[in-house]
Amino acid sequence: MPELPEVEIATRNLRAWATGRRLVSLEATRGTAYVFRPAGAASLARSVVGATFRSFERRGKQMLVRLERDREPVGLLAHLGMTGKWLRRRAGEPAPRFSRARLALDDGHVLHFVDLRLFGRLRAIPGARFDEVAEVASLGADPLVDGIDAGRLAAAFRRSRLPVKVRMMDQAILPGVGNIMAGEACFRAGIDPRRRGPSLRPAEVARLAGAVVDAMKDAIAREQGPEIAYVEEGGENPFLVYDRAGERCPRCRKARIARLVQAGRSTYRCPRCQR
DNA sequence: ACCCGTGTTCGCTG
DNA sequence: TCAGCGAACACGGG
């Protein structure tokens with residue numbers, strides 16, 4: 001699931017499902033301790049059970065949940081990892097496959113934190129002081145909430161010789177950008193993902209910044225709609241180049257999309273359109 | 001059987 | 001000191 005668009009949708013869903021609701025109980029599935037690192041599921045439950053959900057905010061791929069118990073704020077920091085998602089079920093319904101935590105609400109619903117690969121995280125933040133948490137404090141400006149400052153992005157590219165596509169996934173530079181969005185943005189901007197950061201001209205950086213926002217907005221709009229998420233049952237691949245090795249480029253319709261590996265991750269590019 | 005994977009972190013190296 | 005790299009984390013799907 002999770003890059004910025006999926007986390008944005010998850011945040012909107014939870015906002016609609018749980019704002020103003022009281023958390024009745026939190027149960028973890030046996031053997032999933034590290035989802036609740038470092039303090040464990042019991043500690044998380046002690047911190048948040050009985051509290052009322054007040055707000056849900058996304059920053060990059062992090063979800064910041066604010067609750068309140070006895071007038072005291074308490075935070076919940078949630079990250080979906082590679083395969084995480086939030087699903088809502090009625091109490092008593094069978095848990096979805098790979099449900100790792102169940103958060104029962106006072107309206108008869110249960111929120112399931114579902115995560116096949118177990119790279120996701122749920123963690124209590126005392127006093128909801130998120131800015132004291134390194135994973136949050138280190139994030140750059142959010143591309144959707146704050147917009148992308150092309151000048152700052154250009155400065156960041158100048159600072160390292162990493163390939164642009166790899167550099168874009170640095171959460172301190174473009175929080176929320178992951179492997180798919182980075183590759184899609186390079187394609188949309190017509191930029192070869194192997195280019196070194198310092199080689200980009202200001203106009204190219206500006207194009208890339210716009211492409212990141214466009215790719216994310218398109219992905220969010222799609223997931224708002226009726227379509228099933230990619231990798232879910234029978235979902236059509238909604239991306240322009242991601243996972244399309246060997247197919248014709250959707251832009252030039254001539255060259256075929258090539259797959260390459262950068263920093264251990266797959267990148268897809270059109271050899272003709274991306275220079 | 002074997003390879004792959006929408007993310008992050010840690011240890012090693014030059 | 002630090003940027004960059006590869007492995008590790010864990011597990012199912014193709």
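So you know, we letter chains A, B, ... as the sequences are listed, proteins then strands, and number each from 1.
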- Decide yes or no on side-chain contact (heavy atoms from CB on, under 4.5 Å) for A:H79 and A:V7, but give the supporting numbers first. CA-CA 8 Å; A:H79 194 292; A:V7 181; over 6 Å; no
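Ring pair A:F239/A:Y242 is perpendicular by interplanar angle, where above 60° counts as perpendicular and below 30° as parallel.
Judged by distance alone with a 3.5 Å cut-off, no donor-acceptor contact links the side chain of A:R117 to the base of C:dG12.
Comment: A:E135 does not engage A:R121 in a salt bridge, judged by the lack of any side-chain N to carboxylate O separation of less than 4.0 angstrom. The pair A:R188-A:D214 fails the salt-bridge criterion, with no side-chain N (NZ, NE, NH1 or NH2) lying under 4.0 Å from an Asp/Glu carboxylate O.
Comparing C:dC11, B:dG5, B:dG7 against the side chain of A:L118 picks out C:dC11 as the nearest.
Applying the 6.0 Å contact sphere to CZ of A:R251 captures no more than 12 heavy atoms from other residues, nucleotides or ligands. Heavy atoms from other residues, nucleotides or ligands lying under 6.0 Å from CZ of A:R196 number more than 12.
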- Dot-bracket, DNA chain B: Watson-Crick or G-U, under 3.5 angstrom, [ ] crossing, | other strand? .||||.||||||||
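For the pair A:I180 CD1 and B:dG7 P, the computed distance is 7 Å after rounding to whole Å.
Contact annotation: A:R37 does not reach the phosphate of C:dA10 (side-chain N/O to OP1 or OP2, under 4.0 Å). Remark: A:K61 is in phosphate contact with B:dT8, judged by side-chain N or O atoms under 4.0 Å from OP1 or OP2. Look at A:T83 and you won't find any side-chain N or O under 4.0 angstrom from OP1 or OP2 of C:dC11.
Taking the 5.5 Å centre cut-off and the 30° plane limit, the aromatic side chain of A:F119 is not classed as stacked on B:dT8.
Counting non-hydrogen atoms under 4.0 angstrom, A:G264 reaches nothing in the nucleic acid. Contact annotation for A:R161: backbone-only contact, meaning every heavy-atom pair under 4.0 Å involves sugar-phosphate atoms and none involves a base.
Between B:dT9 and C:dT1, the distance separating the two P atoms is 22 Å to the nearest Å.
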